[in-house]
Protein chains: 2
Amino acid sequence: MITPAQRYERFLTELKAAGVRLTEQRKVIVKVLAEARDHPNADELYHRAYVLDGSVSLSTVYRTLRLLEDHGAIQRHDFDAGRARFENADSDHHDHLIDIDTGQVIEFRSERIEKLQAEIAAELGFDIVRHKLELYGRRRG
Amino acid sequence: MITPAQRYERFLTELKAAGVRLTEQRKVIVKVLAEARDHPNADELYHRAYVLDGSVSLSTVYRTLRLLEDHGAIQRHDFDAGRARFENADSDHHDHLIDIDTGQVIEFRSERIEKLQAEIAAELGFDIVRHKLELYGRRRG
DNA sequence: TTGACAGATGCAAGTAATTCGCAATAGCAT
DNA sequence: ATGCTATTGCGAATTACTTGCATCTGTCAA
C-alpha cells in the first residue's frame, strides 16, 4: 500500500525527471493532492493548499492541475457538470459509484465490464482510448 | 420506426397534457429537437431554431431545454466538459461511443453491460438510479 | 370573439468555473 | 552570486449558462 508521503516523493521525482520547475507552490499543491483521500475540486484544493502556504493562488492551482493532468499524474472527473474533481492517477484504473443522496464517491473495478467495453468498441471498429463509467445509485435500505 | 413529424406531435401532445403553454418559440425548439439526428448543444439548437423563427432567443432555448428535460422529453449529456448536448429521450436507453478525432457520437446498447452494472451496484449495497457510460475511442485504421 | 391575467419572452446584466495578460518574482544552470 | 526564462499573483476576460424585469401572448372564461 502506497503512503501519501511516498506518493508525494514519486510525484516530485516524476516532475523533476520531466524537466518541470519545482516551485514552492507546486510542491504544496502536489502534497495536498498526494494526501487527498477524496476527489476534491479546484477550490477545495486551493483552500487546503492555502492553509499550508498562503502564497498559493487559485490561478496557480488551476495551472498546476492542468500541468499534472498533462503529465498523467492526476485524473480529472466531471461527476456533476460544472465542477471538475481530481484524483491521483497512480492507483489502478477504477470506475465510480456515486451515492445520489450523499454525494459520496465509491470506487470499484470490474474486469468483466472492462473486457465487454473493449469488445463493443471493437465491434464498432474502434479502439478505446479512455472511458467514463459512473453509476448513480441509492443505498438499499 | 418513429418519424421526426411523429416525434414532434408526440412532444406537443405530451406538453399540452402536462399543462405547458404552447408558445410559438417552444414549438419551434421542439421541432428542431424532434428533427435532430445528432446530439446538438444549446447554441446549435438556437441557430437551427432561429432560422425557422427569428423571434427565438438563446435564453428561451435554455429555458425550454430545462423544461423538456424536467418533463423527461429530452436527455442532457456532458460528453466534453463545458458544453451540454441534448437528444430525444423517447428512444430506448443506450450508451455512447465518442470518436475522439471527429467528435462523432455513436449510440450502442449492451444488455450484458447493463446487467453487470446492476450486479456490481448490488454487491456494493446500492440500487442504480441512472448511469453514464461513455467510451472515447479512435477508429481502427 | 373578446378581455384579463398568469405565465413566457427578449434583452441585458449577473454567475460560476476556469483561463489569460502582464509585470514582478524565483528556480536552476552556470 | 548571476542571469535567463519559466512561473506567479492579480485582476480582467471568457465561456456557458441563468436571472431580473418590463413587455408580450397563450389560454380560458364570459
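In this text the structure is predicted, and so the values were computed from the model without any measurement. Protein chains get the first letters and strands the later ones, always in sequence-line order, with residue 1 at the start of each.
In terms of phosphate contacts, B/Arg66 brings a side-chain nitrogen or oxygen within less than 4.0 Å of OP1 or OP2 of D/dT19. Taking only side-chain nitrogens and oxygens, B/Tyr62 comes nearer than 4.0 Å to OP1 or OP2 of D/dC17.
Every salt bridge (charged side-chain N to carboxylate O under 4.0 Å, His left out) that B/Arg7 has, sequence neighbours left out, goes to B/Asp90. Taking the salt bridge (charged side-chain N to carboxylate O under 4.0 Å, His left out) definition, one finds that A/Arg10 meets it with nothing, sequence neighbours left out. A/Arg139 pairs by the side-chain hydrogen bond (donor to acceptor under 3.5 Å, both in side chains) definition with A/Gln104, not counting sequence neighbours.
Looking at A/Ser59, its side chain comes within 3.5 Å of the base of C/dC20 through a donor and an acceptor atom.
Between B/Leu15 atom CG and C/dA8 atom C1' there is a gap of 14 Å when expressed in whole angstrom units. The distance from atom CG of A/Leu58 to atom P of C/dT18 is 9 Å, rounded to the nearest whole Å. Residue B/Leu45 contributes atom CG, which lies 11 Å from atom P of D/dC17 at whole-angstrom precision. When the C1' atom of C/dT18 is taken as reference, atom CZ of A/Arg76 falls 9 Å away, rounded to whole Å.
Ion pairing between a basic and an acidic side chain is recognised when a charged N comes within 4.0 Å of a carboxylate O; B/Arg109 and B/Glu107 show no such pairing.
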Any protein N or O atoms within reach of nucleotides 21-30 of chain D? Criterion: under 3.5 Å, listing atom names and distances.
| residue | atom | partner | partner atom | Å |
| --- | --- | --- | --- | --- |
| D/dT27 | OP1 | B/Leu22 | N | 3.0 |

Acceptor/donor pairs from residues 115-138 of chain A side chains to any protein atom, 3.5 angstrom cut, sequence neighbours excluded:
| residue | atom | partner | partner atom | Å |
| --- | --- | --- | --- | --- |
| A/Gln117 | OE1 | A/His131 | ND1 | 3.1 |
| A/Glu119 | OE1 | B/Arg112 | NH2 | 3.4 |
| A/Asp127 | OD1 | B/Arg140 | NE | 2.7 |
| A/Asp127 | OD1 | B/Arg140 | NH2 | 3.1 |
| A/His131 | NE2 | A/His93 | NE2 | 3.2 |
| A/His131 | NE2 | A/Asp95 | OD1 | 3.0 |
| A/Lys132 | NZ | B/Glu134 | OE1 | 3.4 |
| A/Glu134 | OE1 | A/Tyr136 | OH | 2.6 |
| A/Glu134 | OE1 | B/Lys132 | NZ | 3.4 |
| A/Tyr136 | OH | A/Phe79 | O | 3.0 |
| A/Arg138 | NE | A/Asp101 | OD1 | 3.4 |
| A/Arg138 | NE | A/Asp101 | OD2 | 3.0 |
| A/Arg138 | NH2 | A/Asp101 | OD1 | 3.3 |

Show me, pair by pair, the donor-acceptor contacts under 3.5 angstrom made by side chains of residues 62-78 of chain A, not counting sequence neighbours?
| residue | atom | partner | partner atom | Å |
| --- | --- | --- | --- | --- |
| A/Thr64 | OG1 | A/Thr60 | O | 2.7 |
| A/Glu69 | OE1 | A/Arg76 | NE | 3.0 |
| A/Glu69 | OE1 | A/Arg76 | NH2 | 2.9 |
| A/Glu69 | OE2 | A/Arg76 | NE | 3.4 |
| A/His77 | NE2 | A/Glu87 | OE2 | 2.6 |

